[in-house]
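Numbers restart at 1 for each chain; the letters A, B, ... are given by sequence-line order, proteins then strands.
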2 protein chains.
Amino acid sequence: MPDTKPRACPIAGTLDLVGERWALLVLREVFMGVRRFADIQANTGAPRDVLTKRLRSLEAGGVLERHRYLERPPRFEYHLTAAGQALEPVLIGLREWGMRYLPDPPPAPRFIHTCGADVVTRVVCAECGQPLEGGGLVSVLEEAHPG
Amino acid sequence: MPDTKPRACPIAGTLDLVGERWALLVLREVFMGVRRFADIQANTGAPRDVLTKRLRSLEAGGVLERHRYLERPPRFEYHLTAAGQALEPVLIGLREWGMRYLPDPPPAPRFIHTCGADVVTRVVCAECGQPLEGGGLVSVLEEAHPG
DNA sequence: CGGGTCAGTTGGTAAACCAAACCGACTATC
DNA sequence: GATAGTCGGTTTGGTTTACCAACTGACCCG
């Protein structure tokens, strides 16, 4: 076998959808309640044509929905689907990493709990619920290659 | 003010580093213990020149370290820094989302706890520690615009 | 009718990406 | 000791994508 195929993996599949430039920034905006083309464009800085393409691919991928809020000059708003909302941990993870490790951390948009405190991501064991901080507690396994 | 500046935000800053194509797949491989150029190339499918550039930028960004493991034909391995390990929640989040929402979820590399169970990301309140599932419990705030 | 808003579209250029070939320093096999 | 293969790249050349500015069409306001 001269060249092995790249690893099939849900990380890669997810990145095919939201890993392109601007995609996650668009989602950030929609998370923050910014739903209109012009505002998303201004807040992300994405070129308008690229933004159009991203919005379409995010819609096709099922993370955004496009709602017409005006009929006669057709005007649209973009909303998160359930799948889109499920990307929240990714956004929070990126935000948290940036606040901790970027050389000059910019002011962060706050994702807050109803009690007013910030929100953070925790990697926990799915069964015992124990938090795994520091990475040392995790064993990462490839698919078993028997024999 | 004709055009507002794009929002300064740690999410954007983090994406400047790890948001380029292949970057997070490279990190996935290093997380899984794949440390050599040829293996990372095979498992990600990234073109060799692009991979070289990504490895350099990830190194410059402080998430990877390059170690020479052979002197005379110079050979290298790539390792995670503490900052690199801190991106684990992002990878796990992407993996989890893909497993749940991709139309045909591919076999997932397992990130397991030492107890043998899978690992998941939880978004929790930083203070009361309460998990916020379903997105409905989170209030996302922009910087306050008073008045 | 002129100007402004909104959600794009169009056209031209710059950059990124990609596959394949090449390279230097080895090692392993004949 | 010539041939083949490994490893970590670099170089080449062509394709795709991103980017930016300007434009469009449908409306609203005056």
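Using a 4.0 Å heavy-atom distance criterion, B:R68 is classed as making no nucleic acid contact.
Put simply, CD on A:E77 is 19 Å from P on C:dT5, counting in whole angstrom units. Whole-Å rounding puts the B:L51 CG to D:dC7 C1' distance at 13 Å. In this structure, CZ of A:R36 is placed 12 Å from P of C:dG8, rounded to the nearest angstrom. To the nearest angstrom, C1' of D:dG9 lies 11 Å from CD of B:Q41. Nucleotide D:dG8 holds its C1' atom 14 Å from the CD atom of B:E59, rounded to whole Å. Separating the CG atom of A:L55 from the C1' atom of C:dA7 is a distance of 10 Å, rounded to the nearest angstrom. Atom CG in A:D39 sits about 8 Å away from atom P in C:dA7, given to the nearest Å. If you measure from atom CZ of A:F37 to atom P of C:dC6, you get 12 Å, rounded to the nearest angstrom.
Remark: side-chain polar atoms of A:W97 are paired, donor with acceptor, to backbone N or O of B:A83 under 3.5 angstrom. The backbone N or O of A:P109 lies less than 3.5 Å from a partner atom in the side chain of A:R95, making a donor-acceptor pair. The closest donor-acceptor contact from the side chain of A:E65 to the backbone of A:Y78 lies at 3.5 Å or more, if one exists at all. Here the side chain of A:E96 pairs a donor or acceptor atom with the backbone of A:T121 at under 3.5 angstrom. Not one N or O on the side chain of B:T44 forms a donor-acceptor pair closer than 3.5 Å with the backbone of B:V26.
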Base contacts versus sugar-phosphate-only contacts with protein, heavy atoms under 4.0 Å: please encode nucleotides 23-30 of chain D as B, S and - from 5' to 3'.
--BSS---

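For the pair A:R68 and A:F76, the cation-pi criterion (under 6.0 Å, within 45° of the ring axis) is not fulfilled.
Sorted by first and then second residue, the pairs that involve residues 30-49 of chain B and meet salt bridge (Lys or Arg N to Asp or Glu O under 4.0 Å), not counting sequence neighbours, are B:R36-B:E77.
Not one side-chain nitrogen or oxygen of A:Y78 sits closer than 4.0 Å to the OP1 or OP2 atom of C:dA7.
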Distances under 3.5 Å between protein N/O atoms and the N/O atoms of nucleotides 15-17 of chain C, please, pair by pair.
from, atom 1, to, atom 2, distance (Å)
C:dC17, OP1, B:R54, NH2, 2.7
C:dC17, OP2, B:R54, NH2, 2.8

Could you walk me through whether A:V50 and A:R21 pass the side-chain contact (heavy atoms from CB on, under 4.5 Å) test, one step at a time?
CA-CA 9 Å; A:V50 178; A:R21 193 119 116 95; over 6 Å; no

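Put simply, the side chain of B:V120 reaches to within 4.5 Å of the side chain of A:V124, judged on heavy atoms.
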